[in-house]
Amino acid sequence: MKDFPVDIEATLFCGQCFGWQKEGGVFQSVVNGVHVQFEEESFLSALAKDGRLEHYFDMDGLYAEANEHLSLLDPKLSSAVRRFGGLHILNQDPFEVLICFILSQNNNIARIRQMYAKLAQTYGKAVNDTLHAFPLASDMKNATEEDFRKLGMGFRAPYLVDAIQKQAILQQVPSLDFEKALELLMTIRGVGPKVGHCILLYGFHRMEAFPMDTWMQKVMITWYPGKDSTYFAPYAGIAQQYLFHYARTEGLQ
DNA sequence: GGCCAGGCCCCAG
DNA sequence: CTGGGGCATGGC
């Protein structure tokens, strides 16, 4: 099994994160308060300059093993791995993931990106003239439901307030088993099963997580009738991301 | 210019 | 516990 190079485009625009821009071949965002900018060809040297980026891009992830395992399960996954085997699950900041996926409900990715930018611009620390970090919980601790509604966050505004108030529970998650962690996260208003799984996958790298959104429901009915996420164990999270991206970019057929 | 979006809350049965 | 209406907003 050949080792897949990182598919930067798919990794950054597959709907697991919402803060990256690509203009004229340049990828740009703020990661953990640090401005990050690189072109495709200089990706590896960008990683070398900042060791924390290696963790962010999950360069130590078990993709060779995971891809081999998933490829052998069935033809659809084999095809998905060939196409998207370089898609990595990022190690994102859990609070940022919490907020982003509360925003994601009954929403589309383009607008989630807009709302992300709005929060960063309004509450995040500036890293240069034009770019702001995504806000920390402490940056938004005084924001009210009305503030968020004025910013265009809609019916999710009160959920954001509750999430900011309860953000400390994120620190308990790493020590909990999956079901307990999910249960705890769902005590935050606006966090249900799907958003909870997203937080555990994208914020805590829990590979048992298998977010079931409308796309994945179609995927399971069409391609995996009668099966559930345990079929993909122990790489359910990775399989979910490949299949989600597959369905969204190329349809269900 | 409607339709719909990486769901969840809330309230009936 | 299961099902269905309602929800803010703007991209398409």
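In what follows, chains carry the letters A, B, and so on, assigned in the order in which the sequence lines appear, proteins first and then strands, with residues in each chain numbered from 1.
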Give a yes or no answer on whether the side chain of [X] reaches the backbone of [Y] with a donor-acceptor pair at less than 3.5 Å.
| X | Y | result |
| --- | --- | --- |
| Ser229(A) | Ala236(A) | no |
| His245(A) | Ala80(A) | no |
| Lys166(A) | Thr187(A) | yes |

Original post:
With distance as the sole criterion, is a donor-acceptor pair present between the side chains of Tyr242(A) and Asn67(A) under 3.5 Å?
Top reply: yes

[X] [atom1] to [N] [atom2], straight-line distance once rounded to whole Å:
| X | N | atom1 | atom2 | value |
| --- | --- | --- | --- | --- |
| Leu160(A) | dA8(C) | CG | P | 13 Å |
| Leu103(A) | dC7(C) | CG | C1' | 15 Å |
| Lys118(A) | dG11(C) | NZ | P | 11 Å |
| Met153(A) | dT9(C) | CE | C1' | 10 Å |

Subject >> Interatomic distance at P, dG3(C) relative to dG6(B), whole Å >> reply: 24 Å

Original post:
Distance between the P atoms of dA8(C) and dC11(B), in whole angstroms?
Top reply: 15 Å

Subject >> Carboxylate-amine/guanidinium contact Lys76(A) Asp74(A), below 4.0 Å >> reply: no

**OP:** Applying salt bridge (Lys or Arg N to Asp or Glu O under 4.0 Å), name anything that partners Glu54(A), two or more places apart in sequence or on another chain.
**Re:** none

Subject >> Pairing stems for DNA chain B [at least three consecutive pairs; Watson-Crick or G-U; under 3.5 angstrom] >> reply: B:2-5 with C:9-12, B:7-13 with C:1-7

**OP:** Look at atom NE2 of His55(A) and say whether more than 12 heavy atoms of other residues, nucleotides or ligands are closer to it than 6.0 Å.
**Re:** no

Original post:
Which nucleotides of nucleotides 3-10 of chain B have their base under 4.0 Å from a protein heavy atom (B), which only their sugar-phosphate (S), and which neither (-), written as one string 5' to 3'?
Top reply: --BBBSSS

Subject >> Within the 6.0 Å centroid threshold, strictly below: Phe210(A) and His197(A) >> reply: no

